[in-house]
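Protein chains get the first letters and strands the later ones, always in sequence-line order, with residue 1 at the start of each. Note that the structure is a prediction, hence the values are computed from the model and not measured.
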Protein chains: 2
Amino acid sequence: MRGEPLDAETIVSATEELLRRHGPNKTTVLDVARQLGVSHGSVYRHFASKAALREAVIRRWLDQVRDELAAAHDPGQPPAERLRALLTAMFAAKWTKAREDPELFATFRVLAAEHSTVSSGHVGFLVAQVRDIIVDGVAGGDFAAGEPDVIARAVVNATSRFHDPKHASEWHSPETEAESAAVVSLVLDGLRAR
Amino acid sequence: MRGEPLDAETIVSATEELLRRHGPNKTTVLDVARQLGVSHGSVYRHFASKAALREAVIRRWLDQVRDELAAAHDPGQPPAERLRALLTAMFAAKWTKAREDPELFATFRVLAAEHSTVSSGHVGFLVAQVRDIIVDGVAGGDFAAGEPDVIARAVVNATSRFHDPKHASEWHSPETEAESAAVVSLVLDGLRAR
DNA sequence: TGGATGACAACTATTGAAATCTGTCAGTAA
DNA sequence: TTACTGACAGATTTCAATAGTTGTCATCCA
């Protein structure tokens, strides 16, 4: 019926567009199909459910955040500075998304509450990044020894207020940046070898 | 009309009872008045609005948490142990309330979102408690020097995941206790003089 | 034959009218 | 005078009927 072949990527893009414009409650599978000029049955050929479609949007969005974090990575720096940079970059990425894409961010929060798999996978990636830096830091004598996995998770938990979407409403406050810096410094002091 | 005089305390107790039994959405001022055998106009003699009444319930409830924390206070211990005890006691108090009084806790979350005054007052009290211990610790050479207010707030922020009602849904997880202990240890290491 | 369609049942959201609630206040009664 | 009442207007909630959505699948067609 149409020239271009309908693929998953096209559907995800159209869905993201609609989510951004109309928000999660006003974006139906029927809307997505209309936007693409196909029947909604065709969308279900590519995604098993509405939830799966939304999940695909969120997943792509989180992958983008992940790539931004990877880009902020500078192996030349000492571990403490690398960790500070990683955490700061993550906060900035989340804060920016929450400010600039509020509709998509709302969708993310809804979905993160429903299917915790996607977001816990994201947290897992983050913990792994932190863990790698801690392992390096311990090996180089910069950080005190300990269980890297436990400590990495403690670092992520201690900074929840600045990256967990549950706290998004607090990120507008002008003190947020200073408070996050204070927590990061406290955490880094806690990691350092004595 | 009735033997006993109607006072604010009696109204708050009746309201708390109904909130606990029926939850925040099903508890009206009319219900409270009915429970007390008075007209709802009498309730408005003591509280300017439904919101003010709810606030009074929450306030009394938070005061109770505050007293529990004060009771857990042992000046004989070293500052690090006092801080650990304070934080642990606060986590336990919140977790218990969330588990045993889910209806009231839901009310608290609703109200904390509406009027942030009450809960930020509570956080302020908590920051002050932490600050006092830090000042003692710095004076005694146990903790590294720094701005006590900034550091105290950082400690409270770093432990948000374990005391902020926004995270209540995560407190059911069996790992919560171990994770909170890891964060507290990390924070205490960050405070210690080197 | 693989991709797309649209009718369909089951479920969820929207709507608007009726019921209930909030907050006020003139009036009652002790 | 003081605590309380109950009628009231305006706001909110409830409920049932209606409309729209989700997900399936027999059918179509290039």
Check nucleotides 9-18 of chain C against the protein and report each pair of N or O atoms closer than 3.5 Å, with its distance, or say if there are none.
none

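- Using a 4.0 Å cut-off between charged nitrogen and carboxylate oxygen, Asp74(A) and Arg82(A) do not count as a salt-bridge pair.
- Atoms CZ (Phe47(B)) and P (dC4(D)) sit 13 Å apart, rounded to a whole Å.
- A salt bridge links Lys166(A) with Glu170(B); the closest basic N to acidic carboxylate O contact falls under 4.0 Å.
- Between Ser42(B) and dT5(D), a side-chain N or O to OP1/OP2 separation shorter than 4.0 Å is present.
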List the protein contact pattern of nucleotides 17-28 of chain D with one symbol per nucleotide (5' to 3'): B for base contact, S for sugar-phosphate-only contact, - for none; contact means a heavy-atom distance under 4.0 Å. ----SBBB----
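- His163(A) and Phe91(A) have parallel rings, their planes meeting at less than 30° on a 0 to 90° scale where 60° marks the start of perpendicular.
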Arg66(B) and Phe125(B): side-chain contact (heavy atoms from CB on, under 4.5 Å), yes or no, with the steps? CA-CA 8 Å; Arg66(B) 197 192 57 198; Phe125(B) 163 78; 2.9 Å; yes
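- Atom CG in Leu53(B) sits about 15 Å away from atom P in dC21(C), given to the nearest Å.
- Using a 4.0 Å cut-off between charged side-chain N and carboxylate O, Arg192(A) and Asp142(A) make no salt bridge.
- For the pair Arg131(A) and Asp149(A), the tightest heavy-atom approach, listed with the atom from each and the gap, is CD-OD1, 2.8 Å.
- Thr27(B) places a side-chain N or O within 3.5 Å of a backbone atom of Gly23(B) that can act as its donor or acceptor partner.
- The aromatic rings of Trp95(A) and Trp171(A) are tilted relative to each other, their planes meeting at an angle between 30° and 60°.
- Regarding contacts with the backbone of dT5(D), a side-chain N or O of Ser39(B) is found under 4.0 angstrom from either OP1 or OP2.
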